[in-house]
Peer 1: 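Could you have a look at this structure, given as structure tokens, before my questions?
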Amino acid sequence: MLDMEELTLQISNPQGMARIGLKLNSFRFQNLPDRDAETVILKSWEDDFQTWIAPIIESITSAAKRKPDLIWNQFGAHILSMRHFIARMETRENVIAKLDQGIALLRQLPGAVFNRKRNPFQHQPRLIDSPYEPGATMIIRSSCCMYDKRENGRRCYNCRC
């Protein structure tokens with residue numbers, strides 16, 4: 001379980017676009033039991049999402065007068081983009097296999113854990129040709145980034161809106 005005392009909320013405004021992030025101040029491994037390790041992991045994630053992640057998302061979207069879906073719907077594509085990025089850099093197949101196992105576990109959580117009907121990590125990606133790297137593909141975001149809503153903003157490269 002993540003300890004809120006080990007996190008720092010960071011708010012920045014690069015290029016006039018507000019960003020919110022969490023910085024992990026320290027990290028420690030938790031020993032998992034030989035049996036039922038997956039159950040322990042799922043319970044820990046469930047506690048984290050219900051105790052503080054979902055409430056933070058709901059507070060942010062309420063203050064912005066937006067629906068939580070605006071944030072939650074981006075999680076599916078973001079985790080797959082992260083997996084793709086790590087797989088391009090990591091050469092050890094066992095590390096990628098562990099990452100894939102973790103993502104599969106995350107997808108098992110019921111939607112209620114996120115205060116939603118559906119788990120936002122259960123996302124089937126749609127790919128497009130990368131405008132940055134010939135021959136490569138990119139994942140289309142699963143939710144609008146709303147970049148076009150900011151002053152002088154425009155639609156992003158893969159906007160479906």
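Hydrogens, waters and symmetry mates are skipped; everything else that's a heavy atom, side chains included, is used.
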Peer 1: Please answer: with hydrophobic residues joined when any side-chain heavy atoms are less than 4.5 Å apart, are I53 and L24 in the same cluster?
Peer 2: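 In one cluster: yes.
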Peer 1: Is the backbone N or O of D47 less than 3.5 Å from a side-chain atom of T51, with the two atoms forming a donor-acceptor pair by type?
Peer 2: yes
Peer 1: Sort and list the pairs that fulfil salt bridge (charged side-chain N to carboxylate O under 4.0 Å, His left out) and have at least one residue in residues 71-81, not counting sequence neighbours.
Peer 2: none
Peer 1: State which residues pass side-chain contact (heavy atoms from CB on, under 4.5 Å) with I41; sequence neighbours excluded, sorted by chain then number.
Peer 2: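 side-chain contact (heavy atoms from CB on, under 4.5 Å) check on I41 returns L32, W45, L105.
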Peer 1: Sort and list the pairs that fulfil side-chain hydrogen bond (donor to acceptor under 3.5 Å, both in side chains) and have at least one residue in residues 94-114, not counting sequence neighbours.
Peer 2: R83-D100
Peer 1: Is there side-chain contact between D48 and W52, with heavy atoms separated by less than 4.5 Å?
Peer 2: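 A side-chain contact under 4.5 Å exists here.
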Peer 1: Could you work out, with side-chain contact (heavy atoms from CB on, under 4.5 Å) as the rule, every residue matching E93, not counting sequence neighbours?
Peer 2: none
Peer 1: Could you pull out all residues at least two apart from I60 that satisfy side-chain contact (heavy atoms from CB on, under 4.5 Å)?
Peer 2: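 In terms of side-chain contact (heavy atoms from CB on, under 4.5 Å), with neighbours along the sequence ignored, I60 is linked to I20, I56, I71.
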Peer 1: State, yes or no, whether a side-chain contact exists between R116 and D69 at a heavy-atom distance under 4.5 Å.
Peer 2: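 R116 vs D69: side chains touch.
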Peer 1: Any chance you could lay out the side chain to side chain contact (heavy atoms under 4.5 Å, CB included) test for H84 and S81, step after step, and finish with the verdict?
Peer 2: CA-CA 5 Å; H84 178 74; S81 293; 5.6 Å; no
Peer 1: I'd like to know if the side chain of R118 reaches the main chain of Q122, judged simply by a donor and an acceptor atom lying under 3.5 Å from each other, with no hydrogens or angles considered.
Peer 2: yes
Peer 1: With sequence neighbours excluded, what pairs up with R35 under the side-chain hydrogen bond (donor to acceptor under 3.5 Å, both in side chains) test?
Peer 2: none
Peer 1: Do the side chains of E58 and K67 get close enough for a salt bridge, i.e. N-O under 4.0 angstrom?
Peer 2: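 Between K67 and E58 there is no salt bridge, as every charged N stays at least 4.0 Å from the carboxylate O atoms.
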Peer 1: Is there side-chain contact between P68 and T61, with heavy atoms separated by less than 4.5 Å?
Peer 2: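 They are in contact (side-chain heavy atoms under 4.5 Å apart), so the answer is yes.
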Peer 1: Would you confirm whether N119, through its side chain, and L109, through its main-chain N or O, come within 3.5 Å as a donor-acceptor pair?
Peer 2: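 Yes; at least one donor-acceptor contact below 3.5 Å.
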Peer 1: State, with a plain yes or no, whether a side-chain heavy atom of F75 is found less than 4.5 Å away from one of I57.
Peer 2: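 With C-beta onward as the side chain, the pair touches.
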Peer 1: Any side-chain heavy-atom pair from H123 and I79 closer than 4.5 angstrom?
Peer 2: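 They are not in contact (no side-chain heavy atoms under 4.5 Å apart), so the answer is no.
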Peer 1: For the hydrophobic clusters of this structure (ILVMFWY residues joined by side-chain heavy atoms under 4.5 Å, transitively), does one cluster hold both W72 and M82?
Peer 2: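 Result: yes, single cluster for both.
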Peer 1: Please find the pair of heavy atoms, one from F49 and one from P55, that lie closest to each other, and give the distance.
Peer 2: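 Scanning both residues, the minimum pair turns out to be O-CD, 3.8 Å.
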